[in-house]
Amino acid sequence: MHAGDEERDMTSLVIFGATGDLAGRYLLPSLARLTAARSWPPAFRVRGVGREPLDNEQFRKHAGERLDRHAADVPIDARHEVLNQIDYVVADVTDPAAVAASIRDLPTPIAFYLALPPSLFATTVTALAQAGIPPKSRIVLEKPFGSNENSAQELNRLLAEVATEDSIFRVDHFLAKQTVQNVLGLRFANRIFEPLWNAQHVHSVDIVWDEPLTLEGRASYYDRAGALRDMLQNHLLQLLCLVAMEPPRTLTSRDLHDRKVDVLRAVRALTPEEVSRHTTRARYTAGRIGDRVVPDYTAEPGVDPTRETETFAAMTCWIDNWRWTGVPFKLRSGKALGARRSHIAVRFRDVPHLVFGQHEEPAPNVLRFMIDPDRIELSMNLNGAGDPFDLEPACLDTDLAPQTLPAYSRLLLDILEGDATLSIRGDEAEEAWRIMDPVLAAWAAGAAPLREYPAGSLANDF
């Protein structure tokens, strides 16, 4: 799935927003892990760019503290190697002259990683276009890609002025997770499941990402985004694509993206009346998660209560095509919940006629892809140990070996190698907003009231 060594032509990585949470929590630790694995070229230049008035020594101290906190498992010599490799330039990334000056002495081509608030993407891309980036350079953006369909289209137009589509990486780290990729392996490398993978045999699909984490210092972004934009519009729709797509001819970037776009185009846009019946939005109130006391969401630092930002979102999607007509795909994600649940659950229909004489219906057959930790489970019914005609549920399961490289490290390596297979293509981003825009508009018009749940609860009554 990955490009050959001839594509490994990047000589520099520039991180715009190098003192932010994304860089400190994910990018710097990923660089350290790649360095420890000897997957990162020793001579590769890494430069942080930001507005904070720091010199190199101050920035390296800041970066070292982030590595100690978020990459303590990485050998210290690899962490020190990253710190020795990186330098820092103070610049306004929305100013073309400042951008040009910040990269003037770097070897080219350059991978530009926009570790910035999404609200700065358009102005930063415009600054890059006016500054003039070196040939064969790459641009990397984090989700969400725009704030609605129109802004996604405009962002794609700006990106097209700077780089070709195969040089634009709209990254979604969920796609680099091992269990997520095993959806493709299970479907397309085994004959046993694919003949059953359709509306005739599948009752419903649940895609869930519940987490006990709260804002974790991200209020400036999250309070303007909310759970629907932060999770469902990108991560969970991407998982839906892998579950629902038709078999691609190959797993090359174009073939995989074409089949994912086919799915997104077939997802029905909900009417306001359907939004009121098939979506839920809620936010957490004060409560306790384990031994941690959690304040009401509206009392969190940086939150504007008048925005009515949801911290829990759920919606049911329908895919109007031959394979999936009538099958509900239920997406759900929430913060400050009492348990971490992250899985894709494919529930199969009941048998058409049950020959066993028991009064209760047997448990449904469910195939679960568990994410973090990585595990696959298949629930089925077998004869019991007592009466041979009594049924008992059984579970076939396997734990997957830990990934050699975590998701963000895998994505950084893909960027270096020029492999966009696990990134999001421009038309995918636009189609995802086409699906979500009617929900956001209906919510703004009051179609679904903002409900509440106490922090530490499971929110199972939604």
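Reckoned from all heavy atoms, side chains included, excluding hydrogens, waters and symmetry mates.
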J.: Can a salt bridge be assigned to the pair E65 and R69 using a cut-off of 4.0 Å between side-chain N and carboxylate O?
T.: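 A salt bridge is absent here (no side-chain N lies under 4.0 Å from a carboxylate O).
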
J.: Mind listing the closest non-hydrogen atom pair of L337 and A459 along with its distance?
T.: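 Smallest heavy-atom distance, with atoms named: CD2-CB, 3.7 Å.
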
J.: Quick one: CG on D87 to CG on D105, what's the gap to the nearest 0.5 Å?
T.: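 Going from CG on D87 over to CG on D105, the span is 7.5 Å.
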
J.: Would you indicate whether E57, at its atom CD, is surrounded by more than 12 heavy atoms from other residues, nucleotides or ligands within a distance under 6.0 Å?
T.: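 Count not over threshold, so no.
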
J.: Within the structure provided, determine whether H235 and Q238 are in side-chain contact (heavy-atom separation under 4.5 Å).
T.: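 The answer is no; the side chains never approach within 4.5 Å.
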
J.: Can you label the angle between the W209 ring and the F174 ring as parallel, tilted or perpendicular, going by 30° and 60°?
T.: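 W209 and F174: tilted rings.
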
J.: Quick one: pull up CZ in R323 and CG in D262 and give me the separation to the nearest 0.5 Å.
T.: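 If we round to the nearest 0.5 Å, R323:CZ and D262:CG are 11.5 Å apart.
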
J.: R79 side chain to A32 main-chain N or O, any donor-acceptor pair under 3.5 Å?
T.: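 Side chain of R79 to backbone of A32: no pair is present.
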
J.: In Å and rounded to the nearest 0.5 Å, what is the CD to CG distance from Q181 to L184?
T.: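 If I round to the nearest 0.5 Å, the distance is 7.5 Å.
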
J.: Evaluate the side-chain proximity of F369 to V180: yes if any heavy-atom separation is below 4.5 Å, no if none is.
T.: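 Not in contact.
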
J.: Less than 3.5 Å apart, which donor and acceptor atoms pair up between the side chains of residues 108-123 and the rest of the protein, not counting sequence neighbours?
T.:
| residue | atom | partner | partner atom | Å |
| --- | --- | --- | --- | --- |
| Y113 | OH | E142 | OE2 | 2.4 |
| T123 | OG1 | L120 | O | 3.1 |

J.: How far apart are the C-alpha atoms of L28 and I86, what are their side-chain angles, what is the distance that settles it, and do they pass the side-chain contact (heavy atoms from CB on, under 4.5 Å) test?
T.: CA-CA 10 Å; L28 293 174; I86 194 168; 3.9 Å; yes

J.: If you take all heavy atoms of Y222 and E310, which pair is closest and at what distance?
T.: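 What the structure gives for the nearest pair is OH-O, 3.7 Å.
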
J.: Regarding S151 and N148, do their side chains bring together a donor and an acceptor under 3.5 Å, going by distance alone?
T.: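 Yes, N148 and S151 have a side-chain donor paired with an acceptor closer than 3.5 Å.
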
J.: How far does CG of D427 sit from CG of L264, to the nearest 0.5 angstrom?
T.: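 Output value for this atom pair is 9.0 Å.
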
J.: Do Y453 and T311 have side-chain N/O donor and acceptor atoms under 3.5 Å apart?
T.: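 Yes, a side-chain donor-acceptor pair sits under 3.5 Å.
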
J.: Within a strict 4.5 Å, meaning less than it, do heavy atoms of the L331 and C317 side chains meet?
T.: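 L331 vs C317: side chains touch.
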
J.: What's the verdict on side-chain contact (heavy atoms from CB on, under 4.5 Å) for M10 and I415, showing C-alpha distance, side-chain angles and the deciding distance?
T.: CA-CA 9 Å; M10 292 295 101; I415 293 162; 5.6 Å; no

J.: Donor-acceptor pair, distance only, cut-off 3.5 Å: does the side chain of D437 make one with the backbone of E149?
T.: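 Yes.
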
J.: Do S102 and V14 have side chains that approach each other closer than 4.5 Å (heavy atoms only, starting at C-beta)?
T.: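 S102 vs V14: side chains apart.
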
J.: Verify, without hydrogens or angle tests, whether S276 (side chain) and A447 (backbone) share a donor-acceptor contact under 3.5 angstrom.
T.: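 Here the side-chain-to-backbone pair does not exist.
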
J.: Is it true that D414 and R410 make a salt bridge, defined as a side-chain N closer than 4.0 Å to a carboxylate O?
T.: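 A salt bridge is present here (some side-chain N lies under 4.0 Å from a carboxylate O).
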
J.: Taking the side chain as every heavy atom from C-beta outward, state whether V46 and V82 have any atom pair closer than 4.5 Å.
T.: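 SC-SC contact between V46 and V82 ruled out.
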
J.: Given D210, which partner from the list K335, R340, R332 fulfils the salt bridge (Lys or Arg N to Asp or Glu O under 4.0 Å) test?
T.: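 Looking at K335, R340, R332, the match for D210 under the salt bridge (Lys or Arg N to Asp or Glu O under 4.0 Å) is R332.
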
J.: Side chains of R229 and L440: does their closest heavy-atom pair fall under 4.5 Å?
T.: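 They are in contact (side-chain heavy atoms under 4.5 Å apart), so the answer is yes.
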
J.: Closer than 3.5 angstrom, by distance alone: can the side chain of H257 be matched with the main-chain N or O of S423 as a donor-acceptor pair?
T.: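 Yes, H257 side chain to S423 backbone: donor-acceptor pair under 3.5 Å.
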
J.: Which atom names give the shortest non-hydrogen contact between L270 and T316, and what distance separates them?
T.: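 Reported closest heavy-atom pair: CD1-O, 4.0 Å.
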
J.: L236 versus S333: any side-chain heavy-atom pair under 4.5 Å?
T.: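 When only atoms from C-beta onward are counted, S333 and L236 do touch, with a gap below 4.5 Å.
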
J.: Among residues at least two apart in sequence or on other chains, which ones pass side chain to side chain contact (heavy atoms under 4.5 Å, CB included) with D223?
T.: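 D223 satisfies side chain to side chain contact (heavy atoms under 4.5 Å, CB included) with Y297, V303, D304, R307, T309 only.
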
J.: Which pair of heavy atoms, one from R33 and one from A71, lies closest together, and at what distance?
T.: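 Reported closest heavy-atom pair: NH2-CA, 4.0 Å.
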
J.: Between the side chains of D230 and R218, is the shortest nitrogen-to-carboxylate-oxygen separation below 4.0 Å, so that they form an ion pair?
T.: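 Salt bridge present between R218 and D230.
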
J.: Could you state the interatomic distance from CH2 (W318) to NE2 (H278), rounded to the nearest 0.5 Å?
T.: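 Reported value, rounded in 0.5 Å steps: 3.5 Å.
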
J.: Using a strict 4.0 Å threshold on nitrogen-to-oxygen distance, state whether R425 and E165 make a salt bridge.
T.: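 Salt bridge flag = no for E165 with R425.
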
J.: Restricting to non-hydrogen atoms, name the atom on G418 and the atom on R138 that form the minimum distance, rounded to 0.1 Å.
T.: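 Looking at all heavy atoms of both residues, the shortest contact is N-NH1, 3.3 Å.
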
J.: Once you measure the plane-to-plane angle for Y408 and H173, does it fall in the parallel (<30°), tilted (30-60°) or perpendicular (>60°) bin?
T.: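 Y408 and H173: parallel rings.
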
J.: Does a salt bridge link D172 with K143, judged by any charged N lying under 4.0 Å from a carboxylate O?
T.: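 Salt bridge between D172 and K143, a charged N being under 4.0 Å from a carboxylate O: no.
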
J.: Can you name the closest pair of heavy atoms from G24 and P29 and give their distance?
T.: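 Minimum heavy-atom separation between G24 and P29: O-CD, 3.4 Å.
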
J.: Can you confirm whether R375 is buried at CZ, in the sense that more than 12 heavy atoms of other residues, nucleotides or ligands lie under 6.0 Å from that atom?
T.: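 Result for CZ/R375: enclosed.
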
J.: If you round to the nearest 0.5 Å, how far is CG of L228 from CG of N234?
T.: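 Result: 9.5 Å between the selected atoms.
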
J.: Is any side-chain heavy atom of L416 less than 4.5 Å from a side-chain heavy atom of L34?
T.: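 No; the side chains remain at least 4.5 Å from each other.
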
J.: Less than 4.0 Å between a side-chain N and a carboxylate O, is that true for R170 and E428?
T.: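 No salt bridge links E428 with R170.
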
J.: Test side-chain contact (heavy atoms from CB on, under 4.5 Å) on E161 and V125 and set out the steps.
T.: CA-CA 9 Å; E161 295 178 357; V125 171; over 6 Å; no

J.: Does a side-chain N-to-carboxylate-O contact under 4.0 Å join R249 and D258?
T.: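 A salt bridge is absent here (no side-chain N lies under 4.0 Å from a carboxylate O).
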
J.: Would you please test R47 and I103 for side-chain contact (heavy atoms from CB on, under 4.5 Å) and show each step?
T.: CA-CA 9 Å; R47 171 161 294 169; I103 64 172; 5.6 Å; no

J.: Answer with yes or no whether the side chains of E52 and T19 bring together a donor and an acceptor at under 3.5 Å.
T.: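 The answer is yes; a qualifying pair exists.
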
